[in-house]
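What follows is a single structure, written as structure tokens, with notes after it.
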Amino acid sequence: MSSSQIDTPSGPARAHLHPADGPQGALVLGHGAGAGIDGPDLTAATEAARAEGFSVALIEQPYRVAGRRSPAPAKRLDEAWVAVIEHLRANHLSNLPLIAGGRSLGARVACRTVALTGAQAVLCLAFPLLPPRRGDKPPQSRLPELEAVEVPVLVVQGESDRFGMPPEGPGRQVAKVRGDHGLKSDSEVIAAAVRAWLPTVELG
């Protein structure tokens, strides 16, 4: 594993690279809003992808690198993510088909930017379908972010996730696992779901 700092419009991001031997593709994953890249679900997905011949890059957004816990606005997150992937595709992950993804906030970023990154599929760990209720307003579903993705999607979701359960759809599989939004209960099942899905993605 190696790490590299990458300049973005919002300051430096950091990529933690886990190369595979003779990789057939690359998986780039982002973290959740208040946590880093060492969550058990991200670890499970990383190990599963490498076992399937994918090099993996775990990305720390600039606000995390700067030591802040509160996420930047969506536009800033998306800009930084696109800049990181452009850098990786020109350097460490050149000539490799790309799958993008992440957990929670990172999954949303990967979905929103798929057309800009050229990702051929998206892996969503704990997609936060419904935001917390504020006042009397009903929460506005984030399903349109998933629905807008035109490449294959795998959502790995805890059965008791307080943010809801995304539905399956055309090109979108949903793997339900034990646990809540933290996805800390069943890393082996998470890894198995990722390993089963990756070979179904047609890489160009």
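Throughout, numbering of the chain's residues begins at 1 and tracks the sequence.
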Open item on the list: Between Pro166 and Phe127, is there a side-chain heavy-atom distance shorter than 4.5 Å?
Closed with: yes
Task: Cluster overlap Val84 with Leu93, hydrophobic side-chain contacts below 4.5 Å - done: yes
Task: Contact check, side chains of Pro132 and Phe163, non-hydrogen atoms, under 4.5 Å - done: yes
Open item on the list: Same cluster or not: Leu154 versus Met165, using hydrophobic residues (I, L, V, M, F, W, Y) connected whenever any side-chain heavy atoms lie under 4.5 Å apart?
Closed with: no
TODO: Sequence neighbours left out, what pairs pass salt bridge (charged side-chain N to carboxylate O under 4.0 Å, His left out) with at least one residue falling in residues 106-116?
DONE: Asp78-Arg112, Arg108-Glu145, Arg112-Glu145
Task: Reported CG-to-CG distance for the pair Leu198 and Leu123, which is rounded to 0.5 angstrom - done: 7.5 Å
Open item on the list: side chain to side chain contact (heavy atoms under 4.5 Å, CB included), that's the test. Do His181 and Arg162 meet it? Break it down for me.
Closed with: CA-CA 7 Å; His181 191 66; Arg162 68 185 186 277; 3.8 Å; yes
Task: Val151/Gln120 under side chain to side chain contact (heavy atoms under 4.5 Å, CB included): CA gap, chis, key distance, verdict - done: CA-CA 6 Å; Val151 297; Gln120 297 183 22; 5.6 Å; no
Task: Results of side chain to side chain contact (heavy atoms under 4.5 Å, CB included) for Ala121 - residues two or more places apart only - done: Ile99, Pro152, Trp197, Val201
TODO: State, with a plain yes or no, whether a side-chain heavy atom of Glu159 is found less than 4.5 Å away from one of Lys176.
DONE: yes
- [ ] Give, for atom CG of Leu17 and atom OG of Ser2, the distance between the pair rounded to the nearest 0.5 Å.
- [x] 4.5 Å
TODO: Please confirm whether the backbone N or O of Gly164 pairs with a side-chain atom of Gln157, one donor and one acceptor, at under 3.5 Å?
DONE: yes
Open item on the list: Let me confirm one number: the CG-CG distance from Leu27 to Leu58, rounded to the nearest 0.5 Å.
Closed with: 8.0 Å
- [ ] Name all pairs fulfilling the salt bridge (charged side-chain N to carboxylate O under 4.0 Å, His left out) condition that reach into residues 183-193, sequence neighbours left out, sorted by first residue then second.
- [x] Arg178-Asp186
TODO: Identify the two heavy atoms, one from Leu125 and one from Ala107, that lie closest to each other, and give their separation to 0.1 Å.
DONE: N-CB, 4.3 Å
- [ ] Using side chain to side chain contact (heavy atoms under 4.5 Å, CB included) as the criterion, list what pairs up with Leu143, not counting sequence neighbours.
- [x] Leu129, Ser141, Leu146, Glu147, Pro167, Arg172
Open item on the list: For a side chain to side chain contact (heavy atoms under 4.5 Å, CB included) check, start with the C-alpha distance between Leu77 and Val109, then their side-chain angles and the critical distance, and finish with the verdict.
Closed with: CA-CA 7 Å; Leu77 294 171; Val109 172; 4.0 Å; yes
Open item on the list: Can you confirm whether Leu116 sits close enough to Val82 that some side-chain heavy atom of one is under 4.5 Å from a side-chain heavy atom of the other?
Closed with: yes
TODO: Group every Ile, Leu, Val, Met, Phe, Trp and Tyr by side-chain heavy-atom contacts under 4.5 Å, then state whether Phe54 and Val156 land in the same group.
DONE: yes
Open item on the list: Using modelled atom types and a 3.5 Å cut-off, is there a donor and acceptor pairing between side-chain atoms of Glu79 and backbone atoms of Pro9?
Closed with: no
TODO: Kindly give the heavy-atom pair with the smallest separation between Ala110 and Val122, and that separation in Å.
DONE: CB-CG1, 4.1 Å
Task: Pair listing, side-chain hydrogen bond (donor to acceptor under 3.5 Å, both in side chains) test, anchored in residues 10-22, at least two apart - done: Ser3-His16, Arg14-Glu60, His16-Glu60
Open item on the list: Within this structure, what is the OG1-CG distance for the pair Thr43 and Leu29, rounded to the nearest 0.5 Å?
Closed with: 10.5 Å
Task: Within residues 48-58 or reaching into it, pairs that qualify as side-chain hydrogen bond (donor to acceptor under 3.5 Å, both in side chains) - sequence neighbours excluded - done: Glu52-Arg195
Open item on the list: Hydrophobic clusters here meaning ILVMFWY residues chained together by side-chain heavy-atom distances under 4.5 Å, can you tell me if Val56 and Ile37 are in one?
Closed with: yes
Task: Sub-4.5 Å side-chain heavy-atom contact between Val153 and Cys124 - done: yes
Task: Nearest non-hydrogen partners of Pro40 and Leu183, listed with the distance - done: CG-O, 4.0 Å
Open item on the list: Could you walk me through whether His31 and Ile59 satisfy the side chain to side chain contact (heavy atoms under 4.5 Å, CB included) test, starting with their C-alpha distance in whole Å, then the side-chain angles of each, then the deciding distance to 0.1 Å, before giving a yes or no?
Closed with: CA-CA 7 Å; His31 53 73; Ile59 309 305; over 6 Å; no
TODO: With rounding to the nearest 0.5 Å, note down the distance linking CG in Leu98 to CG in Leu88.
DONE: 9.0 Å
Open item on the list: Could you check whether any side-chain heavy atom of Thr8 comes within less than 4.5 Å of a side-chain heavy atom of His87, counting everything from C-beta outward?
Closed with: no
TODO: Measure across Thr113 and Trp81 and return the closest heavy-atom pair with its distance rounded to 0.1 Å.
DONE: OG1-CD1, 3.1 Å
TODO: Could you tell me which non-hydrogen atom of Ala15 sits nearest to which non-hydrogen atom of Ile6, and how far apart they are?
DONE: CB-CD1, 3.9 Å
Open item on the list: Once salt bridge (charged side-chain N to carboxylate O under 4.0 Å, His left out) is applied, what residue pairs with a partner in residues 34-49 remain, sequence neighbours excluded?
Closed with: Asp41-Arg103
- [ ] Can you see which heavy atom on Ala80 is nearest to which on Gln61, and at what distance?
- [x] CB-OE1, 3.4 Å
- [ ] Measure the spacing between CG of Leu203 and CG of Leu96 and express it to the nearest 0.5 Å.
- [x] 10.0 Å
- [ ] Report the residues that fulfil side chain to side chain contact (heavy atoms under 4.5 Å, CB included) with Ser94, sequence neighbours left out, ordered by chain and then residue number.
- [x] none
- [ ] Scan residues 113-128 for pairs that pass salt bridge (charged side-chain N to carboxylate O under 4.0 Å, His left out), counting only residues two or more places apart or in two chains.
- [x] none
TODO: Identify, with sequence neighbours excluded, every residue that meets ring-ring contact (aromatic ring centres under 6.0 Å, His included) alongside His92.
DONE: none
- [ ] Return each pair, listed once, that meets side-chain hydrogen bond (donor to acceptor under 3.5 Å, both in side chains) where at least one residue sits in residues 62-72; pairs must be two or more places apart or across chains.
- [x] none
Task: Residues forming a side chain to side chain contact (heavy atoms under 4.5 Å, CB included) with Ala33, sequence neighbours excluded - done: Pro71, Leu105
